[in-house]
Amino acid sequence: MISQCNRLKGTLRSEKTLRSRTQWLWKLLHFILKYTREPSKIEELYNLREDLFVQKNRGEWSNHLGFILAAAGSAVGLGNIWKFPGKLGANGGGLFLLIYIVVVAVIGLTIMLAELAIGRATQKNAVGAFRQLNKKWMFAGVIGMITLFVILSYYSIVGGWIMKYIAVYVSGAHFSGAATQYQDFFTGFITDPIEPVLWGLLFLGLCIFIILKGVAEGIEKISKILMPALFLLLIATAIRSITLPKAMEGVRFMLHIDFSTFHTDMLVAAVGQAFFSLSVGMGILITYGSYVGKQENLMKSAVWICVLDTLVAILAAFAIIPAVFVTMGAEGLGMGGGFAFMALPNVFASIPGGIIFGAVFFILLFLAALTSAISILESIVACMSEEFHITRRKAVVWLFLPLMLLAAGYSLSQLESRGLNLPWFDMRNGLQLLPMNAVMEKFTDNLMIPLGALCFCVFTGWVWGVQKATDEFENEGTLRFRWKKLWSLAIRYLAPAAILIILYFTICEGMILS
């Protein structure tokens with residue numbers, strides 16, 4: 001036994017990295033326990049080994065501002081700048097805006113607080129957090145990781161589309177000719193078998209580069225640059241838009257509240273938009289919360305994140321809707337996926353300085369897409385590195401090929417004649433064969449994100465417990481959480497009810513939320 005122990009000790013000394021030393025120490029202790037017939041201690045040893053590895057290899061935000069900007073960057077994405085103005089236009093303007101703000105305050109903030117509390121309490125990724133608190137609920141973290149993996153695959157392709165448009169505007173190229181040229185250009189580009197995938201690869205490569213720099217040196221530093229830049233460009237674009245001739249017509253449309261226009265679809269659209277915009281229900285904020293120090297005020301941080309995210313969405317509406325009203329009227333709003341890439345280039349071409357306006361808009365869209373994609377990739381990489389005890393670099397290597405294969409499928413299926421179809425089921429339309437890109441979006445937006453959010457609410461409100469969550473908000477008595485009763489009501493009843501409504505409309509009625 002002594003000679004075997006000495007050999008293991010020698011191997012331990014020869015290892016250079018902390019990870020290798022930890023692994024060999026674990027092997028030594030495991031051998032001793034097994035030899036002395038104390039198997040009851042082995043499970044404790046596994047947990048000790050995991051904690052040693054994880055805590056030495058995970059990062060932490062360097063300060064409060066860094067966390068706020070990084071988390072706000074996660075929340076601010078394509079949904080704010082691309083989809084929110086279109087949904088605002090398609091759902092009656094001011095009333096939709098009012099409902100959206102209420103939903104963010106009551107439902108979005110509630111779920112965000114739950115995720116941040118779970119993350120900071122455990123100091124682990126989404127899967128590890130649920131395993132530590134209640135192993136039976138690990139599936140909730142897995143749901144989040146599957147959702148994020150699929151989203152990142154098509155987010156990379158859309159990020160590549162945006163980079164292509166930036167290149168078109170910055171290079172001095174511009175559209176000319178008939179009104180259908182914008183649709184022809186966009187359709188021709190996204191149905192090309194190679195070019196969109198290459199642009200997507202470039203976008204994903206940029207995300208990987210930032211992620212490998214780590215939490216404080218990579219994500220936090222880039223967020224401190226990108227988020228202020230996004231706000232400055234957005235404010236400048238909004239000012240330019242509302243000073244266009246007859247732009248006030250669009251502003252009045254945005255701010256006018258007419259309760260007679262209310263309909264159920266408007267409420268569902270507002271709830272869905274809030275979920276997607278705030279990045280809740282996927283485990284991102286569990287991961288980001290796990291990097292937060294115990295001294296931080298989670299309630300204050302969550303409020304700031306929601307305020308910044310909503311402010312970006314409103315500023316984007318002021319930047320886009322007045323300009324659309326000036327050039328195309330109200331019918332120019334609500335074009336869905338083609339709104340940013342077909343309708344808006346037409347708008348930019350019709351106003352003075354349109355090329356600059358267009359370039360700035362797509363740079364804004366790129367900044368929003370990049371900050372969100374970084375948070376998605378970080379959540380997946382953190383989960384893989386901590387759960388499989390591998391380095392962040394190795395986690396990226398493992399992810400890259402399957403991620404790009406799925407992304408390529410999303411891109412190639414933009415042309416329906418290629419026949420890249422997958423089955424999809426909802427109770428209204430039954431079993432259908434739809435293009436792969438449509439099924440991927442329905443899978444994440446209509447099913448997995450609401451399902452993940454529902455799991456987080458039920459777990460926090462009924463399994464882990466409201467008291468333990470509020471203890472985390474109060475930093476063990478050093479802070480006062482004034483909204484404890486209201487938050488308890490929201491996390492246990494209001495938020496789950498809202499999510500079930502969404503799932504009813506998506507699964508039973510076949511409504512498309514994205």
(Q) When you compare the side chain of Leu78 with that of Lys83, does any pair of heavy atoms fall below 4.5 Å? (A)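 A side-chain contact under 4.5 Å is absent here.
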Q) Are side-chain N/O atoms of Asp265 and Asn91 paired as donor and acceptor at under 3.5 Å? A)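 There is no such pair between these side chains.
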Q | Contact list for residues 435-458, test ring pair (Phe, Tyr, Trp, His ring centres under 6.0 Å), sequence neighbours left out | A |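 Qualifying pairs: Phe130-Phe456.
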Q: Kindly write out the residues that satisfy side-chain contact (heavy atoms from CB on, under 4.5 Å) with Ile235, not counting sequence neighbours, or none if the list is empty.
A: Ile239, Leu315
Is [X] reaching over with its side chain to a backbone N or O of [Y], donor-acceptor style, under 3.5 angstrom?
| X | Y | value |
| --- | --- | --- |
| Ser156 | Leu152 | yes |
| Ser375 | Ser372 | yes |
| Ser153 | Val150 | yes |
| Ser171 | Val168 | yes |
| Ser241 | Ala319 | yes |

Q: Identify the heavy atoms of Ala70 and Tyr288 that sit nearest to each other, and give their distance.
A: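 Looking at all heavy atoms of both residues, the closest pair is O-CE2, 3.5 Å.
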**Q.** Option passing side-chain contact (heavy atoms from CB on, under 4.5 Å) with Met138 (candidates Val127, Ile143, Leu133)
**A.**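 Single side-chain contact (heavy atoms from CB on, under 4.5 Å) partner of Met138 among Val127, Ile143, Leu133: Val127.
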**Q.** Reference residue Ser413; test side-chain contact (heavy atoms from CB on, under 4.5 Å); the match among Leu434, Asn437, Thr191, Val439
**A.** Asn437
(Q) Are more than 12 heavy atoms, taken from residues, nucleotides or ligands other than Trp304, located less than 6.0 Å from that residue's CH2 atom? (A) no
Q: Could you check whether the rings of Phe84 and Tyr100 sit parallel, tilted or perpendicular, using 30° and 60° as the cut-offs?
A: tilted
Q | Geometric class of the Phe185/Tyr165 ring pair [parallel <30°, tilted 30-60°, perpendicular >60°] | A |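 Because their plane-to-plane angle is over 60°, the rings of Tyr165 and Phe185 count as perpendicular.
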Q: Kindly write out the residues that satisfy side-chain hydrogen bond (donor to acceptor under 3.5 Å, both in side chains) with Glu509, not counting sequence neighbours, or none if the list is empty.
A: Arg428, Tyr504
Q. Should the pair Glu387-Lys124 be classified as a salt bridge under the 4.0 Å nitrogen-to-oxygen rule?
A. no
